[in-house]
Amino acid sequence: MAYWLVKSEPETWSWHDQTTQKVTHWDGVRNYQAANNLKAMNVNDLCFFYHSCSERQIVGIVKVIKTAHPDPSDPTGRFVMVDVEWHKNLKNPVPLSIVKTHPALSHLALVKQSRLSVMPIDQASWELINELSENPL
DNA sequence: GCCAACGTTGGC
DNA sequence: GCCAACGTTGGC
């Protein structure tokens, strides 16, 4: 069981869309490092759902229900997608600004590698972010 | 809307 | 295989 964080632009695919539709292909990833992370995902892994651009906060959690398979939206056939399912809403969104101020989270790719759209989250960070959602500072 | 970071492409 | 030019992402 592993933990991840995936980014989406709310203008393109929002948490509201995910809540309404429940099950989706996580397609459109065109970066090898992000694609490698997709390939490392297993069924039942959990992913934070992060709104980039205008919002910059973690808003929910999705669960992996199908491992990496070819992304038909990629004409080159090189990239993959996974299938995810709505899992839960966060009690309170956790903004990037809070993640950045927390020393225990400063190693996350969310902070250090802002352009990466799919990244692993270690268990301690996963639990801490959930705690920050339950009990905001 | 701007710009920094960084990934990709293509000429050599 | 190097690197300049270019495109894209995402934070601010």
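In what follows, chains carry the letters A, B, and so on, assigned in the order in which the sequence lines appear, proteins first and then strands, with residues in each chain numbered from 1. In this text the structure is predicted, and so the values were computed from the model without any measurement.
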Could you state the interatomic distance from CE (Met1(A)) to CD (Gln123(A)), rounded to the nearest 0.5 Å?
8.5 Å

Do the side-chain N and O atoms of Asp17(A) and Ser14(A) include a donor-acceptor pair separated by under 3.5 angstrom?
yes

Presence of Lys112(A) side-chain N/O under 4.0 Å of dG11(C) phosphate oxygens OP1/OP2
no

When the distance from CZ of Arg78(A) to C1' of dT9(B) is rounded to whole Å, what number comes out?
11 Å

Taking only side-chain N and O atoms of Lys100(A), does any of them lie within less than 4.0 angstrom of OP1 or OP2 on dC12(C)?
yes

Tyr50(A) side chain N/O closer than 4.0 Å to the phosphate oxygens (OP1, OP2) of dG11(C)?
yes

In whole Å, I'd like the distance from the NE2 atom of His51(A) to the P atom of dG10(C).
13 Å

Base dT8(C) to side chain Arg115(A), donor-acceptor N/O within 3.5 Å cut-off
yes

Whole angstrom value for the distance that separates P of dT9(C) from CZ of Arg30(A)
10 Å

In whole Å, I'd like the distance from the CD atom of Gln113(A) to the P atom of dG11(C).
13 Å

Starting at atom CD of Gln57(A), determine the distance to atom C1' of dG11(C), rounded to an integer number of angstrom.
14 Å

Can a side-chain donor-acceptor contact be found between Asn135(A) and Glu131(A) if the only test is distance below 3.5 angstrom?
yes

Could you give the CG-to-P distance, from Asn31(A) to dT9(C), as a whole number of Å?
10 Å

Hey, is NE2 on His25(A) packed in by over 12 heavy atoms from elsewhere, all under 6.0 Å?
no

How close or far is atom C1' of dT8(C) from atom CD of Glu11(A), stated in whole angstroms?
16 Å

Considering residues, nucleotides and ligands other than His16(A), do more than 12 of their heavy atoms fall under 6.0 Å from its NE2?
no

Measure the distance from CG on Asn37(A) to P on dG7(B) and round it to the nearest whole Å.
13 Å

Among Val82(A), Val64(A), Asp83(A), find the one that has a side chain to side chain contact (heavy atoms under 4.5 Å, CB included) with Trp26(A).
Val82(A)

Kindly calculate the angle separating the two end axes of the helix from dG1(B)-dC12(C) to dC12(B)-dG1(C), each obtained from five base pairs, and round it to 10 degrees.
10°

For a quick check under 3.5 Å, do Arg30(A) and Ser73(A) share a side-chain donor-acceptor pair by atom type?
yes

